[in-house]
Amino acid sequence: MMTKKVLIISIFTLFLLTSCRQGYKVENNKVYYEYWNEGSGQGKRLIEQADALTFQKIDFDCDCDFDFGKDKSHLFINGEPIKNIDPNTFKFIGNYVFADKDSAYFFGFYNNINECAIKGIELNKLKLIEYPWSKSGNKLIHGYDTLTLDDIADFKPIDENWGKTKKYVINKSKILKGADPDTFKAINSYSGKDKNNTYEFGEVKK
């Protein structure tokens, strides 16, 4: 038998689930994005750039925590219009990598969601390695940053921030000069050590 306390908790949980709305809503020939903010509560903002007649939600089979939408001219992520992406050819590749007819994009981490294009690669050669690593030809890609490697076929990730080939140790999109790949061990996202030295922020720690 359900106690009064359990009943109150269940009702409160149901209230939260039904009241905390997030996503797109077309209303009165306008497109809105609904969201929940812990400080201000439920909110709704008008997406001025969106065309209500051609707007539609997009669902991708991925674990990305984004709300995608598009109209005839724009792609939207969480209600924000994304510049220079073709909404009609936009697709999910994997590991937070997406692409349209012209470019690839990485949305796993970023400072500005409008600056997530992976530049200077051949799109038809793009291959996923392991989040957040991918490659295109001789370009190693970490997120949306790239590094040209002459032995990219030997590349293996160590973790999300470190990787190595037979000749190089790589931190994100930079070669760690002088590091020995055979004995290198990552300590954290910015430091590691090999048989000779400990490194921090790409330099030998003194």
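Bear in mind the structure is a predicted one, so any value in this text is a computation, not a measurement.
Taking a 6.0 Å sphere around CG of Asp65, one finds it holds 12 or fewer heavy atoms contributed by other residues, nucleotides or ligands. No more than 12 heavy atoms of other residues, nucleotides or ligands lie within 6.0 Å of CG in Asp61, so this atom counts as exposed by the packing criterion. Within 6.0 Å of CD on Glu203 lie no more than 12 heavy atoms contributed by other residues, nucleotides or ligands. The number of heavy atoms from other shown groups lying within 6.0 Å of NZ (Lys167) is above 12. No more than 12 heavy atoms of other residues, nucleotides or ligands sit less than 6.0 Å from atom CG of Asp59. Taking a 6.0 Å sphere around CG of Asp151, one finds it holds more than 12 heavy atoms contributed by other residues, nucleotides or ligands. For CD of Glu27, the number of neighbouring non-hydrogen atoms (other residues, nucleotides, ligands) closer than 6.0 Å is greater than 12. Remark: Asn112 CG is packed, more than 12 non-hydrogen atoms of other residues, nucleotides or ligands lying under 6.0 Å away.
For the pair Lys135/Ile129, a side-chain contact is recorded, criterion being any heavy-atom separation below 4.5 Å from C-beta on. Side chains of Leu123 and Ser103 form no contact here, defined as non-hydrogen atoms less than 4.5 Å apart. Within the 4.5 Å cutoff, the side chain of Ile58 has heavy atoms near those of the Leu75 side chain. Side-chain atoms of Leu126 and Ile141, non-hydrogen and from C-beta on, do get closer than 4.5 Å to each other. Leu53 has its side chain within reach of Asn29: a pair of non-hydrogen atoms, C-beta onward, lies under 4.5 Å apart.
The closest donor-acceptor contact from the side chain of Asn171 to the backbone of Lys174 lies at 3.5 Å or more, if one exists at all. Side-chain atoms of Thr198 never come within 3.5 Å of backbone atoms of Lys193 as a donor-acceptor pair (strictly under, hydrogens ignored). With hydrogens and angles disregarded, no donor-acceptor distance shorter than 3.5 Å links the side chain of Asn197 to the backbone of Tyr199. Here the side chain of Ser136 pairs a donor or acceptor atom with the backbone of Glu122 at under 3.5 angstrom. The backbone N or O of Asn114 lies less than 3.5 Å from no partner atom in the side chain of Asn84, so there is not a single donor-acceptor pair.
Follow the hydrophobic side-chain contacts under 4.5 Å out from Phe60 and you reach Ile82 in the same cluster. Transitive grouping of hydrophobic side chains (ILVMFWY, heavy atoms separated by less than 4.5 Å) brings Ile93 and Ile121 into a common cluster. The hydrophobic cluster containing Ile170 does not contain Ile187, counting ILVMFWY residues as joined when their side-chain heavy atoms lie under 4.5 angstrom apart, directly or transitively. Under the 4.5 Å side-chain contact rule for hydrophobic residues, Leu46 and Ile77 do not share a cluster. In the hydrophobic cluster analysis, where Ile, Leu, Val, Met, Phe, Trp and Tyr join through side-chain heavy atoms closer than 4.5 angstrom, Ile152 is grouped together with Leu147.
Evaluated for a side chain to side chain contact (heavy atoms under 4.5 Å, CB included) with Leu140, the options Leu149, Thr146, Ile175 yield exactly one hit, Leu149. The one candidate from Phe66, Phe90, Tyr105 that meets the ring pair (Phe, Tyr, Trp, His ring centres under 6.0 Å) condition with Phe98 is Phe90.
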Check against side-chain hydrogen bond (donor to acceptor under 3.5 Å, both in side chains), Tyr190 and Asn161: CA-CA 8 Å; Tyr190 60 86; Asn161 299 289; over 6 Å; no
When you look at Ile158 and Lys164, which way does the side-chain contact (heavy atoms from CB on, under 4.5 Å) test go after all the steps? CA-CA 7 Å; Ile158 297 173; Lys164 64 181 181 179; 4.2 Å; yes
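Not less than 6.0 angstrom separates the ring centroid of Phe76 from the ring centroid of Phe68.
Between Asp180 and Lys195, the shortest heavy-atom contact is OD2-CE, 4.0 Å. The minimum heavy-atom distance between Phe107 and Ile85, with the atom names listed, is CZ-CD1, 4.2 Å. In terms of heavy-atom proximity, Asn188 sits nearest to Ser191 at OD1-OG, 2.7 Å. Of all heavy-atom pairs between Lys70 and Pro87, the closest is CD-O, 3.4 Å. Between Trp162 and Ala186 the shortest heavy-atom distance is CD1-CB, 3.5 Å. For Gln49 against Asp71, the heavy-atom pair with the smallest separation is O-OD2, 3.5 Å.
Applying the ring pair (Phe, Tyr, Trp, His ring centres under 6.0 Å) rule to pairs touching residues 111-136 yields Tyr96-Tyr131, Phe106-Tyr131, Trp133-His142, Trp133-Phe155, sequence neighbours excluded.
A salt bridge between Lys119 and Asp145 is absent, with no side-chain N of the basic residue lying under 4.0 Å from a carboxylate O of the acidic one. Salt-bridge formation is detected for the pair Arg45/Glu80: a Lys NZ or Arg NE/NH1/NH2 atom is positioned less than 4.0 Å from an Asp or Glu carboxylate oxygen. By the 4.0 Å N-to-carboxylate-O rule, Lys44 lies too far from Glu34 to be salt-bridged with it. Note on Glu160 versus Lys172: no salt bridge recorded, every NZ/NE/NH1/NH2 to OD/OE distance being 4.0 Å or above.
The aromatic rings of Phe109 and Tyr144 lie tilted to each other, with the angle between the two planes from 30° to 60°.
Within the model, atoms CD of Gln22 and CH2 of Trp36 stand 11.5 Å from one another, a figure rounded to the nearest 0.5 Å. The NZ atom of Lys25 sits 10.0 Å away from the NZ atom of Lys57 when rounded to the nearest 0.5 Å.
Side-chain atoms of Tyr168 and Asp154 form no donor-acceptor pair, as typed in the model, at a separation below 3.5 Å. Counted by atom type alone, Thr148 and Lys139 present one or more donor-acceptor pairs between their side chains at under 3.5 Å. Checked by atom type, the side-chain pair Asp67/Tyr24 shows no donor-acceptor distance below 3.5 Å. Thr89 and Asp100 share no side-chain donor-acceptor pair at under 3.5 Å. Between Asn78 and Tyr35, the side chains place no donor N or O within less than 3.5 Å of an acceptor N or O (distance only, hydrogens not considered).
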